[in-house]
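Written below as structure tokens is the structure these notes are about.
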Amino acid sequence: MCGIIGYIGSETACKVLANGLRRLEYRGYDSVGIALMDKEEGLFVRKRQGKLIELESVVNKENLAAYHIGIGHTRWATHGEPNEINAHPHTDCALEIALVHNGIVENYAVLKEALKSAGHVFVSDTDTEVLVHMIEHYHKELPLINSVIEALERVEGTYAIAVVSAKEPNKIVAVRKGSPLVLGISEHGTIIASDTNAIMEYTRKVVYLNDGEVIEAKNDSFNIYDIDLNHIGKKVEAIDWDIAAIEKGDFEHYMLKEIFEQQSTVQDSFRGRIIPELGNARLDGLALTDEEISNIQRIIFIACGTSWHAGLIGEYLIEEYARIPVEVEYASEFRYRKPVLCKGDLVIVISQSGETADTLAALREAKARGIKIMGITNVVGSTIARESDGGLYIHAGSEIGVASTKAFTSQLTVIVLLTIFLARRREMTPQEGSAIISELESIPGKIKTILDDETVIEIAKIFKDSKNFIYLGRGAQFPIALEGALKLKEISYIHAEGYPAAEMKHGPIALIDENMPVVFIALKDDIYKKVINNMQEVRARKGKIIAIATEGDTEIYDHADYVIYVPATLSILSPLLTVVPLQLLAYHVAVMKGCDVDRPRNLAKSVTVE
Ligand code: BG6
């Protein structure tokens, strides 16, 4: 996914665009560019491969004070390799129109051929460039907004676009279909952006655009239309996060800040949702009647990446405590697999950003087949939140680090509450519920204990040059092993795999020798002995064992080379603790390897293209 931004107002556009692009850079950082428009000066375009700093080193030398209108883009490459030519904004043949785009034009090849035979000259390998030439084609006769709509009518795919034209130099036209777009209303002008992070510095007043909605923003006003250019009134909403939430503070990286925030974000996720005296959870927003809740026959979690791992843990917990069958689906596979859906199915989509295209497409597929949809998301007003029938915000605050951390533990916290909520309507007693809830209230303190322990840094020093890692866990710790491996892959680029510990002997054990670090999650629970057996199998092949163990377990040193302790807790809550040292291990290994932890190569915070 890319980040787009547009500004029109009294401020120096270049400044507002640069600040916005800095906040959008977690959406993609393959290239960056701006286009500024002024009646006298005309169109000014600058773009560079790589990060914003490359562009700033160029534009900061230029006097751009005259420009109060502009659009900008930070790229996550889909079509055409990351380079300056393929960077946005793209311009038309006459260098009068400039456009930025987040999304994919699926029928670009056909359109490109038609435009070429009509004499248009293409300079890039991107799908996006066809859009600006299409608009150029209609703009010969039609006003800008009509040209944009005429052009988009012939486009298959997804888009959030912003366009400026030298023929109508006092406006920006923007349209959304499939990719997120918000509008910010500030004292000094209008800001259009892919998400609220780019707007918060200037205003908290935002308008969320739906698919098929068109913005025409002028110096002192803006209008929003449907795709037939009927004027539509939109609700102005308030952003409830403060700017500090998206600052790094004293931390070197957003990822480390967000790992350390977990001692409070887990609390934020259960605040106001626990009823200790009844041993139950209060989950407003589910939008499910009592009858619908008791008629749930099956739950299907749908997600991608780290959110998918949260769904896997949901399967273990809900099946064990609420005795409801659960399935967990990769959104991209569910979307095209023709899944069998039945009456009594409840689909729960999990997405930190609420904008991941694969998950959104799966949601729409299930909804189209009459299934009730519940969303578990972090971003207020996100598309998944708005298109779900009901849902739960995880209240983890803005997550900027591309590798998800605090959102994961907040997703797990909400899934624990959902488990209690469903189980208390079945077998779970108020006492059992109260026991879990009072232990849940102690989790933030236990996370702090883990964060204060620096053993993991010493272990990172020892293994930072490893070429491979294996992570092993049993039960609900298997998804944690997957998550630990994913974190290491995402930010240190070391190949790592997660496996159910017992499954290791049916294949991956072939990989083990004295150079293979193997991380075991080996808590003192009812399958501890089984995990110890698996550790012995690794030790017999000289694998180097790092164990995540329960505080006070001294026996573990007979089986592991290195040990990171976590405080004891109930098994339903233990994934909230065991993941933290794995996040830190990946973080410290990546930092020691000199990797850009917050903007790891090839990744983006959430991918808004299928
Ligand atoms: C990837 C992110 O692009 O999308 C991961 O890099 C994330 O961190 C995954 O887990 C799913 O994103 P979301 O927002 O749908 O949870």
Side-chain angles (χ1 to χ4, degrees), residues 1-3 24-30 75-78 102 179-180 194-197 253-255 258-259 301-314 328-335 347-364 373 375-385 387-388 391-394 396-412 414-415 479-480 482-493 498 579 582-583 586-587 590 595-610:
M1 87 175 160
C2 307
L24 291 173
E25 212 165 28
Y26 71 125
R27 303 176 64 96
Y29 24 87
D30 290 328
R75 184 174 188 230
W76 186 74
T78 57
N102 172 28
S179 301
S194 292
D195 69 42
T196 52
N197 285 6
H253 297 104
Y254 280 106
M255 184 179 179
E258 289 155 7
I259 291 174
F301 282 111
I302 300 178
C304 305
T306 289
S307 297
W308 185 78
H309 294 150
L312 270 184
I313 290 179
V328 185
E329 299 274 353
Y330 278 119
S332 52
E333 286 302 309
F334 177 88
R335 170 78 177 72
V347 162
I348 303 181
V349 295
I350 309 175
S351 174
Q352 184 284 128
S353 62
E355 300 294 351
T356 300
D358 288 330
T359 308
L360 188 54
L363 178 163
R364 290 173 175 164
I373 310 288
I376 294 180
T377 184
N378 191 32
V379 178
V380 176
S382 61
T383 310
I384 285 177
E387 295 198 10
S388 298
L392 300 167
Y393 285 121
I394 63 172
S398 180
E399 188 175 67
I400 309 281
V402 169
S404 184
T405 53
K406 65 175 181 173
F408 181 63
T409 47
S410 285
Q411 287 165 345
L412 295 189
V414 164
I415 285 170
I480 294 299
L482 289 173
E483 180 58 12
L486 179 63
K487 290 281 104 44
L488 193 73
K489 282 184 271 199
E490 283 178 311
I491 61 173
S492 76
Y493 320 138
V579 73
L582 302 186
Q583 295 167 342
Y587 172 79
C595 301
D596 185 339
V597 169
D598 282 340
R599 291 171 295 186
R601 71 186 186 201
N602 305 343
L603 284 177
K605 185 62 194 163
S606 94
V607 179
T608 53
V609 291
E610 275 194 69

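Whatever order the structure lists them in is the order used to number ligands and atoms, beginning at 1. Values below: every heavy atom of this structure, side chains too, minus hydrogens, waters and symmetry copies.
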Q) Quick one: ring-ring contact (aromatic ring centres under 6.0 Å, His included) partners of Tyr393, sequence neighbours excluded? A)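 In terms of ring-ring contact (aromatic ring centres under 6.0 Å, His included), with neighbours along the sequence ignored, Tyr393 is linked to no residue.
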
Q. Just how far is it from atom CD of Gln411 to atom CD1 of Ile394, taken to the nearest 0.5 Å?
A.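 Answer rounded to 0.5 Å: 5.0 Å.
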
Q) Is a salt bridge present between Lys406 and Glu399, judged by a nitrogen-to-oxygen distance below 4.0 Å? A)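 No salt bridge links Lys406 with Glu399.
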
Q) Is the closest side-chain donor-acceptor distance between Glu355 and Ser382 under 3.5 Å? A)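 Result is no, nothing qualifies.
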
I'd like a table of the close N/O pairs between ligand 1 and the protein (anything under 3.5 Å), one pair per line with both atom names and the distance.
unit_1   : atom_1 : unit_2 : atom_2 : d
ligand 1 : 3 (O)  : Ala604 : O      : 2.9
ligand 1 : 6 (O)  : Ala604 : O      : 3.0
ligand 1 : 8 (O)  : Val402 : O      : 3.1
ligand 1 : 10 (O) : Thr306 : N      : 3.0
ligand 1 : 12 (O) : Thr356 : OG1    : 3.4
ligand 1 : 14 (O) : Ser351 : OG     : 3.4
ligand 1 : 14 (O) : Gln352 : N      : 3.3
ligand 1 : 14 (O) : Ser353 : N      : 2.8
ligand 1 : 14 (O) : Ser353 : OG     : 2.7
ligand 1 : 14 (O) : Thr356 : OG1    : 3.4
ligand 1 : 15 (O) : Ser351 : OG     : 2.6
ligand 1 : 15 (O) : Thr356 : OG1    : 2.5
ligand 1 : 16 (O) : Ser307 : OG     : 2.5
ligand 1 : 16 (O) : Gln352 : N      : 2.7

Q.
Parallel, tilted or perpendicular: which one describes the rings of Tyr587 and His253, with boundaries at 30° and 60°?
A.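 Rings of Tyr587 and His253: perpendicular, over 60°.
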
Q. Do Asp30 and Cys2 have side chains that get closer than 4.5 Å, going by heavy atoms?
A.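 No, their side chains stay 4.5 Å or more apart.
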
